[in-house]
Amino acid sequence: MSVDLKTVKRVAHLARIALSEDEAERMMGELNGILGFVEQLSEVDVTGVEPMTSVTPMAMKKREDVVTDGGKADDIVANAPETDRNFFLVPKVVE
């Protein structure tokens with residue numbers, strides 16, 4: 001796959017990037033180089049290779065998945081000007 005000048009200008013327009021004619025030519029070469037590297041990756045044999053989450057093997061830290069109310073309702077409304085049973089009270093606005 002290769003990128004032509006028209007595609008470079010369209011992508012620049014969509015990204016709201018102003019490119020001169022020389023910059024568009026240079027960008028076309030750079031994008032084609034990047035796509036060439038991506039195509040090389042498809043030649044690599046990765047059968048039997050498991051996906052990694054990190055370059056170093058490590059176990060994910062997990063916590064028990066339980067539903068709680070947080071136990072912090074009093075702390076959350078502590079600085080509110082007016083509250084009622086851990087709810088914020090705000091003035092009614094009707095327009």
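Model, not experiment: these values are computed from the prediction.
- Summarising the geometry of S42 relative to E39, their closest heavy-atom pair is OG-O, 2.6 Å, with the distance given to 0.1 Å.
- Put simply, CG on L89 and OG1 on T83 are 6.5 Å apart, with the number rounded to the nearest 0.5 Å.
- Here the CE atom belonging to M28 is positioned 10.0 Å from the NZ atom belonging to K9, to the nearest 0.5 angstrom.
- Clustering ILVMFWY residues whenever any of their side-chain heavy atoms sit less than 4.5 angstrom apart, transitively, puts L19 in the very cluster that holds L31.
- Closest heavy-atom contact between V8 and A24: CG1-O, 3.8 Å.
- A donor-acceptor pair is defined here as one N or O able to donate and one able to accept, closer than 3.5 Å; no such pair exists between the side chain of D84 and the backbone of F87.
- Counting heavy-atom neighbours within 6.0 Å of N79 CG, excluding the residue itself, gives a total of 12 or less.
- T47 and D45 share a donor-acceptor pair across their side chains, judged by distance under 3.5 Å alone.
- Salt bridge status for R26 with E21: absent, with no side-chain N to carboxylate O gap under 4.0 Å.
- Atoms CD1 and CE, on I17 and M27 in that order, are 7.0 Å from each other to the nearest 0.5 Å.
- Between the N32 side chain and the V3 main chain, a donor and an acceptor come within less than 3.5 Å of each other.
- The cluster map of Ile, Leu, Val, Met, Phe, Trp and Tyr, joined by side-chain heavy atoms under 4.5 Å apart, puts L35 and L5 in the same cluster.
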